[in-house]
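The sequence lines fix the lettering, A, B, ..., with proteins before strands; numbering per chain opens at 1.
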Amino acid sequence: MLQQTRVAAVEERYEAFLRRFPTVRALAEAVVDDVLALWSGLGYYRRARNLHAAARAIMARHGGNVPGDAAELRELPGIGAYTAAAVASIAFGKLEALVDGNVARVLSRIFRLKGDPRAGKPAMRLKEVAERLVPRDGSAGEWNEALMELGAMVCLPRNPRCDQCPLAGDCGARREGRPEAYGGRAKSVKSVREVVMRIAIARGGRWLLRRNGAREKPAGMFEFPVVRGIPPGATLEEVAGVVERELGIALRDVRELGQVRHQILDRAITVRVVAARAVDSPSPSPKAGAREVHGKGRARGERFRWVRSSELGNLPVSAAALRVARLLTARPAP
DNA sequence: AAGACGGGGAT
DNA sequence: ATCCCAGTCTT
């Protein structure tokens, strides 16, 4: 969970995950949708799929015991150089150095290492430095945690708190007077704004959700259906017409509920949320043309599904869908 | 070596 | 609006 995700965000989620899957075996025996459901909203869902696959590999290859050796850990899906070293050193007391985003920044500054610390030669140099520094007295795990913590709490990307840093006297960047000049990424990402409309169709205490395909993002997660081709000034009648044509569901009580925003890597998305009820007859379910199935290799399930709000927590849903659901709960139908 | 991957919190 | 997070895998 911590891969590319802040500790604060993970803290709220991992206890529930461990309660649901307390052992490697429990995780290995779960179906992947149940694993993804506990990952809902966290993002990077490949991590959840990899963790699930890793649990199965640990059952198959290691008799259900997590290997303590970095090289063996590295063979598991989703475990790269950083995670292998972190688990081996922190959980198993092994002598392993590691470089995460925090350590990269700290060491780049202390030794005034130029270049993007996450890629290419600079990354290699950092790993060498980390390996030279890691203590050999059995405290590698503590050392690694301390270095990461220093980066997270003191040696901050933007405004480092050098006055509180125990290593300020040893820091080349500090001596140079410009600590922020080191440890930053090479290129920046431009954010593009985008507006989409999603519709929440209610029927008999359920909402209609649609599962993303393999090429849609986030892949395989449930969302409220997008309504495409709606210009900014369109009327609700026009919206209902598009939905009826695309999904084959007649609507009543159509109303614009409000907006939710969410930030995806390079896009700032504003979601206009339209709520409506399905007219029960004649066709309460998405018409055949809209009823796609999953691509090759997946179970052939329906793209669309009527879901009770109470069972939303048992399904893999995107963060956007969680926000929309929250809005629906806050502003229920009149 | 670059790009893809989701989302959020701090600034 | 930008940065970047206790990265990894694919192209």
Near A:Glu176 CD, under 6.0 Å, is it more than 12 heavy atoms from other residues, nucleotides or ligands? yes
Compare all side-chain heavy atoms of A:Val242 with those of A:Ile230 and state whether any distance is below 4.5 angstrom. yes
Using heavy-atom distances to pick each residue's nearest nucleotide on DNA chain C, tell me which of A:Leu265 and A:Arg193 is more 5'. A:Arg193
Expressed as a whole number of angstroms, how long is the span from A:Arg326:CZ to B:dG8:C1'? 12 Å
Could you work out the separation of C:dC9 and B:dG8 based on their C1' atoms and round it to a whole Å? 23 Å
Nearest whole Å is fine: how far is B:dC5 P from A:Gln4 CD? 15 Å
Side-chain contact test, heavy atoms from C-beta onward, threshold under 4.5 Å: evaluate it for A:Met59 versus A:Val24 and give yes or no. yes
Taking for each residue the nucleotide of DNA chain B bearing the nearest heavy atom, is the 5' side occupied by A:Ser318 or by A:Ala119? A:Ala119
Rounded off to whole Å, could you give me the CZ-to-C1' distance for the A:Arg49 and B:dC5 pair? 11 Å
Is the shortest distance from a Lys or Arg side-chain nitrogen in A:Glu131 or A:Lys127 to a carboxylate oxygen in the other one below 4.0 Å? yes
Between C:dA6 and B:dG3, how far is it from one P atom to the other, in whole Å? 24 Å
Check every strand shown and say whether A:Gly151 touches a base, only sugar-phosphate, or nothing at a heavy-atom separation below 4.0 Å. nothing
Pairwise side-chain contact, A:Val307 with A:Phe222, heavy-atom cut-off 4.5 Å (strictly under): no
What are the residues of residues 121-132 of chain A, sorted by number, that bring a heavy atom to within less than 4.0 Å of DNA chain B? none
Nt span of DNA chain C in reach of chain A heavy atoms at under 4.0 Å, 5' end first, is C:dA1 to C:dC9
Short N/O separations, protein against nucleotides 9-11 of chain B, under 3.5 angstrom:
unit_1: B:dG9; atom_1: N2; unit_2: A:Arg6; atom_2: NH2; d: 3.4

Base B:dG8 paired with A:Thr5 side chain (donor-acceptor, <3.5 Å): no
So does A:Lys217 get a side-chain nitrogen or oxygen closer than 4.0 Å to the phosphate oxygens (OP1/OP2) of B:dC5? yes
Could you tell me the separation between the CD atom of A:Gln3 and the C1' atom of B:dG6, rounded to a whole number of Å? 14 Å
So what does A:Arg261 touch, heavy atoms closer than 4.0 Å: a base, only the sugar-phosphate, or nothing? nothing
A:Arg47 and A:Asn50 side chains, donor-acceptor separation under 3.5 Å: no
Salt-bridge criterion met for A:Arg61 and A:Glu72 (N-O under 4.0 Å): no
When you look at A:Tyr44 and A:Trp39, which way does the ring pair (Phe, Tyr, Trp, His ring centres under 6.0 Å) test go after all the steps? CA-CA 9 Å; A:Tyr44 279 128; A:Trp39 218 274; over 10 Å; no
When you compare C:dT8 with B:dG9, how far apart are their C1' atoms, in angstrom units rounded to a whole number? 23 Å
With heavy atoms under 4.0 Å as the rule, sort A:Ala319 into base, sugar-phosphate or nothing. sugar-phosphate
Is the shortest side-chain heavy-atom distance between A:Ile201 and A:Trp306 below 4.5 Å? yes
Using whole Å, report how far NE2 of A:His262 lies from C1' of B:dG6. 9 Å
Between P of B:dG8 and CZ of A:Arg47, the distance in whole Å: 12 Å
Is there side-chain contact between A:Asn144 and A:Val103, with at least one heavy-atom pair below 4.5 Å? no
State whether the number of non-hydrogen atoms from other residues, nucleotides or ligands found under 6.0 Å of A:Arg252 atom CZ is greater than 12. yes
Assess whether side chain to side chain donor-acceptor pair (under 3.5 Å) is satisfied between A:Gln259 and A:Thr270, documenting all intermediate values. CA-CA 7 Å; A:Gln259 300 183 341; A:Thr270 299; 5.3 Å; no
